[in-house]
Protein chains: 2
Amino acid sequence: MTTEYFREQLKLKGLKVTPQRVAIFEAVANLRNHPTADHIIDYIKNNHPNISVGTVYKVLDSLVENQLLKKVKNEKDVMRYDAILQQHHHLYCSKTDQIEDFVDYELDKIITDYFSKKKIKGFKVKEISLQITGEFNNNSIHTK
Amino acid sequence: MTTEYFREQLKLKGLKVTPQRVAIFEAVANLRNHPTADHIIDYIKNNHPNISVGTVYKVLDSLVENQLLKKVKNEKDVMRYDAILQQHHHLYCSKTDQIEDFVDYELDKIITDYFSKKKIKGFKVKEISLQITGEFNNNSIHTK
DNA sequence: TGCTCAAAGATAATAATTCTCTTTTAGTAA
DNA sequence: TTACTAAAAGAGAATTATTATCTTTGAGCA
């Protein structure tokens, strides 16, 4: 995914295209495994040694507001971020706190079908995501 | 649910039965809608005006460790606690940040069946919970 | 009834995030 | 191309949730 793509996305949302925004957006997309603000800051410091922590938080918030990123949290630790590319679920490793994306259209269809038949009274469903907790049972590094 | 029940539960886990532990455990069970540590402290201060914040956090941690409580988090705010241990899902209101339990055995069966057929490579599933985001479309207060 | 270790209390420390205020800059229009 | 302006970035203080440390208390048991 090219830098131009990120610039485009920002423009489409009516956001000013600043080097910081591009860098942060790119960082979240490139850093797999749902980086924390801290991970992002580390990563960016290479090219933007003077970036301010406050800026990173502010940019992350505005990217989330504009639905270019998503926040992800498990029960254990701090806020993490995810570049939304498609509907997906999360695998949480209860041992290592690793978070990994899980995409499964067949499953999505089953769940969508289920909720189109069975409504929840007093609640309008917008989005469903599964939190699948368990353990990675090998030591392969699940990065793409 | 009587106080005696909470004392029993603590004993069964080999935890010393202290007034603070009973009060905190009871508070989480009585306070619906997944209280934060702060909610719990407020609630408890009525009967235990001198309880220490550190104690509340320590007790909550040990109750979670002993599987008498669960931690719940959404993308927005601080850690919340849940006294319900039966398998259930959560409805998150994107407007009000309200969290509500959602129990649906039929759905659970569908999902369990699905994952018993289709394995995720390299990952051993322990628990699946749905995060259903949407909006409560009436102003009924969803407490029992 | 007294002993002992775990738990509670008090409060300092830490860490993540937000806020405030100043400076800079992207986008726009002359 | 330059100048203008509002929005964004920078700097660092402030806030908030949570954890850690150390002392005192009390639950469970001999």
Side-chain angles (χ1 to χ4, degrees), chain A residues 3-4 6-28 34-42 44-45 47-66 68-69 71-81 97, chain B residues 3-4 6-28 34-42 44-45 47-66 68-69 71-81 97:
Chain A
T3 297
E4 204 41 51
F6 296 108
R7 307 178 63 86
E8 267 313 306
Q9 292 293 307
L10 291 170
K11 247 182 229 159
L12 285 172
K13 299 288 182 175
L15 294 172
K16 280 191 187 170
V17 179
T18 67
Q20 293 86 346
R21 282 182 172 165
V22 175
I24 291 164
F25 192 4
E26 251 183 315
V28 179
H34 310 83
T36 61
D38 214 51
H39 293 146
I40 295 162
I41 292 163
D42 273 1
I44 287 179
K45 284 257 162 128
N47 298 321
H48 296 256
N50 300 321
I51 198 162
S52 160
V53 179
T55 300
V56 174
Y57 279 101
K58 271 183 286 186
V59 168
L60 287 170
D61 278 355
S62 86
L63 295 180
V64 170
E65 260 172 47
N66 286 279
L68 295 171
L69 297 180
K71 289 187 174 189
V72 189
K73 231 183 203 180
N74 68 6
E75 322 81 50
K76 292 246 178 76
D77 55 11
V78 299
M79 197 63 77
R80 287 159 173 269
Y81 295 87
D97 287 351
Chain B
T3 297
E4 202 42 49
F6 296 108
R7 307 179 64 85
E8 267 314 304
Q9 292 292 309
L10 292 170
K11 247 182 230 161
L12 283 172
K13 298 289 184 177
L15 294 171
K16 278 189 189 173
V17 179
T18 67
Q20 292 86 347
R21 283 184 172 164
V22 174
I24 291 165
F25 192 4
E26 251 183 313
V28 179
H34 310 83
T36 62
D38 216 50
H39 293 145
I40 295 161
I41 292 164
D42 273 0
I44 287 180
K45 284 259 164 129
N47 299 320
H48 295 256
N50 299 321
I51 198 162
S52 162
V53 179
T55 299
V56 173
Y57 279 101
K58 271 182 286 184
V59 168
L60 287 170
D61 278 354
S62 87
L63 295 180
V64 169
E65 259 173 49
N66 285 278
L68 295 171
L69 297 180
K71 289 188 174 187
V72 189
K73 232 183 200 176
N74 69 3
E75 323 81 50
K76 292 249 178 73
D77 54 10
V78 299
M79 196 63 75
R80 287 159 172 268
Y81 296 86
D97 288 350

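The chains referred to below are lettered A, B, ... by the order of the sequence lines, with proteins before strands, and numbering in each begins at 1.
- Partner A:L60 forms a side chain to side chain contact (heavy atoms under 4.5 Å, CB included) with one of A:T55, A:I40, A:L68 and no other, that one being A:I40.
- Across every non-hydrogen atom of A:H34 and A:R80, the tightest pair is O-NH1, 2.9 Å.
- Residue order along DNA chain D, read from the 5' end via each residue's closest nucleotide, puts A:T18 first among B:T18 and A:T18.
- Remark: the backbone N or O of B:K16 is paired with a side-chain donor or acceptor of B:R21 at under 3.5 angstrom.
- One interatomic measurement links the two molecules: NE2 of B:H48 to P of D:dT25, which rounds to 18 Å at whole-angstrom precision.
- Residue B:I44 contributes atom CD1, which lies 11 Å from atom P of C:dA8 at whole-angstrom precision.
- Within the 4.5 Å cutoff, the side chain of A:R7 has no heavy atoms near those of the A:L10 side chain.
- For B:S52 and C:dA10, a side-chain-to-base donor-acceptor distance below 3.5 Å is present, hydrogens and geometry of angles not being considered.
- Picking from D:dG10, C:dA8, D:dT18 the nucleotide with the shortest atom distance to the side chain of B:K58 gives C:dA8.
- Sequence order on DNA chain C of the closest nucleotides to A:V17 and B:V59 puts B:V59 first from the 5' end.
- Between A:I24 atom CD1 and D:dA8 atom C1' there is a gap of 11 Å when expressed in whole angstrom units.
- Computed from coordinates, the B:D61 CG to D:dA17 C1' distance equals 12 Å when rounded to whole Å.
- Rounded to a whole Å, the CG atom of A:L15 is 11 Å from the C1' atom of D:dA8.
- Protein atom CG of A:D38 is 12 Å distant from nucleotide atom C1' of C:dT17, rounded to whole Å.
- The side chain of B:K16 lies closest to C:dC5, out of C:dC5, C:dA8, C:dT18.
- Across the interface with DNA chain D, nearest-nucleotide mapping of B:R7 and B:G54 shows B:G54 to be the residue nearer the 5′ end.
- Side chain A:K11 to base C:dG27: no donor-acceptor pair is found below 3.5 Å.
- The side chain of B:Y57 has D:dT19 as its nearest neighbour among C:dT17, D:dA27, D:dT19.
- The side chain of A:P19 lies closest to C:dA26 when the candidates are C:dG9, C:dA26, C:dA7.
- Closest-nucleotide positions on DNA chain C for B:V53 and B:R21 were compared, and the one nearer the 5' end corresponds to B:R21.
- Regarding B:I40, its CD1 atom lies at a distance of 14 Å from the P atom of C:dA8, rounded to whole Å.
- Side-chain contact between A:I51 and A:I24 is present, with heavy atoms from C-beta onward closer than 4.5 Å.
- Across C:dG9, D:dA8, C:dA7, the shortest atom-to-atom separation from the side chain of B:Q20 is found for C:dG9.
- Distance CZ (B:F25) to P (C:dA8): 14 Å, rounded to an integer number of Å.
- Here A:N50 lies in heavy-atom contact (under 4.0 Å) with sugar-phosphate atoms only.
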